[in-house]
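Okay, so here's the structure we're looking at.
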Amino acid sequence: MTIKVLYFAALRDALGRSEESLALPPGVSTIGDLQAYLADRGEQWKAIEGGKSVRAARNQRMVGSSEPVSPGDEIAFFPPVTGG
Amino acid sequence: MSVSVQEEDFDAGAEIAALSHGRTEVGAVATFVGLVRRGNADSGVQAMTLEHYPGMTEKALEGIVADARDRWHLEGVRVIHRVGRLEPGDRIVFVGVAGAHRGEAFAACEFIMDYLKTRAPFWKREETPQGVRWVEARASDDSAAVRWDDIEMRR
């Protein structure tokens, strides 16, 4: 019942980690719930609730904060993209 | 293979030739090549490193190409995006679109670049005389992509 969470670019630098596996916490059923849960870890984790400056993907597809989270998912958080 | 994410440089001439090779129905090939720009001399970029999300990047680019093919009748599409450390003057991205006529080739090429800028998970980190900094996304890139929602499909 775990999920994999990835962090990229400036957000990874701010959080000090690039990836982790965690048991899906009780009460977390959406991307937004997961952000609130992670933000409660401490001051440096507030960056995960950056509003429009933090984007999310579920199983490698960009999604909004109301997207559900299920066991086995690969969730990623990152800043707005700057390729091209 | 229509989409590549790679550290190596690409040969734009060879890619253009491949888009129409043996394809006499192709009447137009439109291309875009993006380069690393230094900017001004004082705060200029000495190098940049492109990071991406392996797996999702390829899917996102393939999705953008599929969207372009839904909008226009295209004979061929090629997208190459480089990752890793690049210096001013280096090529970053190639988009080539083959069609029967120039209209769909030009339009689809611009569409793919506009969507790539807002949907493909790449991030640029610049090295400057003042230090290393992540490039911030531009609102103008979002509006460039959104305007396609208002443009009627042309075939």
Side-chain angles (χ1 to χ4, degrees), chain A residues 2-22 30-32 34-35 38-39 43-84, chain B residues 3 5 32-37 45 48-64 79-84 86 91-95 109-126 131-142 144-145:
Chain A
T2 63
I3 56 171
K4 184 173 168 187
V5 188
L6 307 176
Y7 310 97
F8 288 97
L11 187 62
R12 176 197 53 233
D13 289 356
L15 300 176
R17 74 172 66 181
S18 59
E19 135 169 32
E20 64 182 306
S21 283
L22 73 162
T30 67
I31 294 285
L34 180 59
Q35 283 173 288
L38 293 170
E43 197 54 41
Q44 106 188 86
W45 284 87
K46 300 295 180 211
I48 198 85
E49 281 195 310
K52 284 194 76 173
S53 67
V54 176
R55 305 292 165 90
R58 178 191 184 203
N59 299 326
Q60 305 191 345
R61 191 175 61 83
M62 283 219 212
V63 295
S65 60
S66 61
E67 177 79 7
V69 177
S70 302
D73 280 353
E74 177 177 297
I75 306 295
F77 294 107
F78 44 78
V81 302
T82 55
Chain B
V3 165
V5 179
F32 174 84
V33 175
L35 307 168
V36 180
R37 190 181 60 239
V45 174
M48 67 166 55
T49 300
L50 272 141
E51 176 181 334
H52 76 122
Y53 179 174
M56 180 175 165
T57 313
E58 293 81 356
K59 285 181 194 170
L61 294 175
E62 283 162 8
I64 293 164
V79 178
I80 305 171
H81 204 300
R82 295 180 68 193
V83 293
L86 301 172
R91 287 173 280 271
I92 305 174
V93 60
F94 175 89
V95 176
C109 187
E110 190 170 25
F111 171 92
I112 290 169
M113 270 311 300
D114 285 348
Y115 271 65
L116 184 157
K117 283 261 179 192
T118 56
R119 286 197 194 171
F122 294 100
W123 301 275
K124 293 190 181 110
R125 193 179 68 225
E126 294 177 339
V132 173
R133 66 182 180 215
W134 289 98
V135 174
E136 302 258 338
R138 294 181 186 175
S140 60
D141 286 336
D142 278 331

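Below, each value reflects all heavy atoms present in this structure, side chains not excepted, and no hydrogens, waters or symmetry copies. The sequence lines fix the lettering, A, B, ..., with proteins before strands; numbering per chain opens at 1. Worth saying up front: this structure is predicted, and the values here are computed from it rather than measured.
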Under 4.5 Å to a heavy atom of chain A? For B:A60 that would be neither
Can you tell which part of A:A10 gets under 4.5 Å to a heavy atom of chain B, answering side chain, backbone, both or neither? both
Rounded distance [0.5 Å steps], OG1 in A:T82 versus CZ in B:R125: 11.5 Å
Heavy atoms of other groups near A:E20 CD, more than 12 under 6.0 Å: yes
Can you tell which part of B:K117 gets under 4.5 Å to a heavy atom of chain A, answering side chain, backbone, both or neither? both
Atom pair OH/CE of B:Y53 and A:M62 - distance to nearest 0.5 Å: 10.5 Å
Part of B:W123 within contact of chain A (heavy atom distance under 4.5 Å): both
Under 4.5 Å between any side-chain heavy atoms of B:M56 and A:E74, yes or no? no
Closest heavy-atom contact between B:H52 and A:F8? O-CE2, 3.6 Å
Give the minimum heavy-atom separation between B:A137 and A:V81, together with the two atoms involved. CB-O, 3.9 Å
